[in-house]
Enquirer: 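If you scroll down you'll find the structure; I have some questions about it.
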Amino acid sequence: MLDAFILIAIQTVVLLASAPLIVGLIRKVKARLQCRRGASVFQPYADLTKLFQKQPVVSSTTSWIFTATPYILFASTLAAGLLVPVFISRTPLNFAGNIIALVYLLALGTFFLMLAGLDAGSTFGGMGSSREAIVASMTEPAMMLSVFAIALTAGSTNLSTIVHKTALLEGIVTDPSPHLMAFAALVIVAIAETGRVPVDNPATHLELTMIHEAMILEYSGRYLALVEWAAGLKLLVFLTLIANVSAPWGIATNMEPAALGIGLAAYLVKISGLAVLIGILESMFAKLRLFRVTDLLGTAFILALLGLVFFYVRRG
Amino acid sequence: MTPPIGSQLVDLGSALLLLTCFGIVAQRRLSACVDLFALQSIFLALTATLVALLTGIHHIYIAAALTIVIKAIVIPRILKKVIERLNVSRELVMNINVPASLLICGVLVMVAFLITQPIIPFGHLLTRDSLAIALAIVLIGFFTMIARQKAVTQMIAFLVMENGLFLGATAATYGMPLIVELGVFFDVLVAALIAGIYTNRLQDAFDSVDTAHLSELKE
């Protein structure tokens with residue numbers, strides 16, 4: 001029982017501590033690829049500290065939703081992160097929810113963020129919210145289908161079971177093609193959901209391009225810090241999901257301290273690798289026009305659907 | 001219950017081929033299409049090498065090496081040259097738009113799987129699923145030829161079909177006899193060259209590489 005609490009605490013600390021690091025790493029990779037030196041990898045920590053010390057300014061036209069949203073967003077994203085096996089394949093919280101709960105915990109945060117964008121009544125916020133609604137409504141079917149394809153191959157919707165079985169190569173009754181299709185779909189969904197480059201550009205404040213930034217324009221001080229931290233956390237949760245569902249090797253499958261250490265090291269290596277990959281991808285592609293985003297997310301949907309179809313056709 | 005790891009790897013290779021096919025269908029930029037085709041050829045060569053390694057049939061190595069040289073290096077170069085000369089970088093007019101194309105391709109994959117369903121149990125265990133994917137790739141290539149109007153994309157679609165056929169041959173019979181494969185490679189190379197020249201002529205005659213112009217009657 002005590003073990004479980006310690007594990008939850010460690011997982012919380014790991015997630016919270018590495019989220020800004022991942023954001024910093026992606027920025028650094030992009031800067032290097034553009035022949036700039038770039039800020040330190042640890043810059044996001046400094047930004048967060050600075051923001052937490054500042055006094056927030058809140059518009060007088062806002063309702064309680066505006067001030068509650070950062071906390072709801074942060075808490076729901078963290079809860080989603082605790083459902084994903086990070087460095088041990090059996091998370092202590094796995095009784096609390098499965099992969100579908102994860103999808104909707106993330107959607108809850110997005111929903112409140114959209115409400116908050118509308119709440120202040122500024123034009124930008126409403127525009128960002130409506131764009132986010134388009135993207136979110138198109139990513140959700142793709143994400144659900146890819147999640148189902150993964151869940152079917154492992155015979156369970158419980159993330160711990162899926163990762164545990166894959167890590168031990170036991171009870172995985174299928175071939176790699178459904179997994180590959182679901183993986184590709186999940187990568188596209190992750191990029192769209194976390195507002196990375198082909199869909200949204202996290203580095204600009206241009207009216208034409210922003211989606212996520214437009215929604216949080218009204219935030220300042222500690223609220224902004226929480227929203228930014230939650231955005232990093234969401235990215236980290238997606239990277240963790242992708243890394244541990246498709247390549248869980250190295251993750252601890254028992255409670256031995258040595259296995260836990262290896263699991264933690266393997267986890268950090270995997271997510272750093274994925275972060276570098278995202279940095280490279282962002283440098284390679286230009287941002288898509290808003291109405292072209294449907295093409296990209298349509299591809300994700302078809303791929304996820306094919307993953308599912310492969311599974312059933314294969315079974316006969 | 002679980003198939004051996006070799007078979008899984010071959011399946012993974014075939015699935016990567018299929019994935020690049022979807023990339024080509026969803027892509028509008030011609031040079032990116034060419035890059036994706038080169039990538040697909042590399043995956044094809046890897047899959048073929050894997051089959052050669054697992055079955056011990058040596059002439060597949062030669063076919064894989066030829067795939068790399070001709071389809072991943074020579075033909076993409078020719079196509080890039082053609083694109084550069086024609087000064088067309090995008091497929092703007094399409095008979096069928098991208099989301100609809102993707103849906104149709106999804107249906108084509110399902111059809112391919114349903115057609116090969118009765119044949120699969122009789123095939124070799126190693127490549128049993130690659131046959132369905134090979135048929136799917138041929139169908140998608142065929143569909144892309146119909147759906148796109150620019151001659152360059154149609155040429156890429158033709159080459160994608162050829163990749164599908166090669167994968168099918170590897171999957172169904174562990175490769176054709178070497179002499180047949182050499183002949184096919186030569187044919188493909190010549191076809192790509194001729195299509196390149198023909199595309200240039202098309203550009204000169206009509207100021208466009210839209211193949212719809214070819215059906216117009218002219219004195």
Side-chain angles (χ1 to χ4, degrees), chain A residues 134 138 141-142 145-146 149 153-155 165-166 168-188 192 198 246-247 249 281 284-286 288-289 291-316, chain B residues 1-29 32 35 43 47 90-91 94 97-118 120-121 125-130 132-133 136 140:
Chain A
I134 297 177
M138 284 188 309
L145 279 184
S146 61
T153 56
K165 278 183 168 180
T166 320
L168 293 177
L169 284 176
E170 64 168 38
I172 295 296
V173 287
T174 185
D175 308 281
S177 21
H179 253 283
L180 184 72
M181 297 291 161
F183 170 73
L186 209 53
V187 170
I188 298 178
S246 55
W249 295 283
L281 281 178
M284 277 167 61
F285 294 107
L288 285 170
R289 271 171 57 208
F291 294 109
R292 288 272 173 271
V293 170
T294 43
D295 291 359
L296 185 72
L297 294 175
T299 319
F301 178 75
I302 296 291
L303 288 178
L305 186 69
L306 279 181
L308 214 58
V309 166
F310 273 22
F311 181 80
Y312 278 113
V313 171
R314 211 54 75 67
R315 298 293 118 215
Chain B
M1 192 66 192
T2 17
I5 194 91
S7 170
Q8 292 213 0
L9 282 176
V10 173
D11 276 353
L12 185 68
S14 328
L16 281 170
L17 277 164
L18 190 60
L19 211 56
T20 44
C21 261
F22 276 92
I24 290 173
V25 173
Q27 189 59 258
R28 282 162 186 271
R29 276 170 49 232
D35 289 340
F43 287 143
T47 315
R90 265 160 209 274
E91 184 88 37
M94 297 185 180
N97 67 5
V98 169
S101 307
L102 285 168
L103 270 176
I104 293 172
C105 287
V107 173
L108 286 178
V109 176
M110 288 179 213
V111 167
F113 266 90
L114 288 177
I115 291 174
T116 47
Q117 194 70 37
I120 286 174
L125 188 67
L126 181 61
T127 50
R128 60 198 177 96
D129 295 318
S130 301
I133 292 181
I140 290 177

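Proteins get letters first, then strands, A, B, ... in listed order; numbering begins at 1 in each. Everything numeric in this text was worked out from a predicted model, so none of it was measured. Heavy atoms only: backbone and side chains are in, while hydrogens, waters and symmetry mates are out.
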Enquirer: Ignoring hydrogens, what is the shortest heavy-atom contact between B/Ala15 and B/Ile133? Give both atom names and the distance.
Expert: N-CD1, 3.9 Å
Enquirer: Please output the residues of residues 294-301 of chain A in contact with chain B, using a heavy-atom cutoff of under 4.5 Å, in numerical order.
Expert: A/Asp295, A/Gly298, A/Thr299
Enquirer: Of all heavy-atom pairs between A/Ser146 and A/Ala304, which one has the smallest distance, and what is that distance?
Expert: N-CB, 3.5 Å
Enquirer: Below 4.5 Å, heavy atoms only, C-beta onward: do A/Val293 and A/Ile134 meet side chain to side chain?
Expert: no
Enquirer: Would you call A/Ile302 and B/Phe22 a side-chain contact if the rule is heavy atoms closer than 4.5 Å?
Expert: yes
Enquirer: Is the shortest heavy-atom distance from the side chain of B/Met110 to the side chain of A/Leu305 under 4.5 Å?
Expert: yes
Enquirer: Would you mind telling me which of B/Leu18, B/Leu12, B/Leu17 makes a side chain to side chain contact (heavy atoms under 4.5 Å, CB included) with B/Phe43?
Expert: B/Leu17
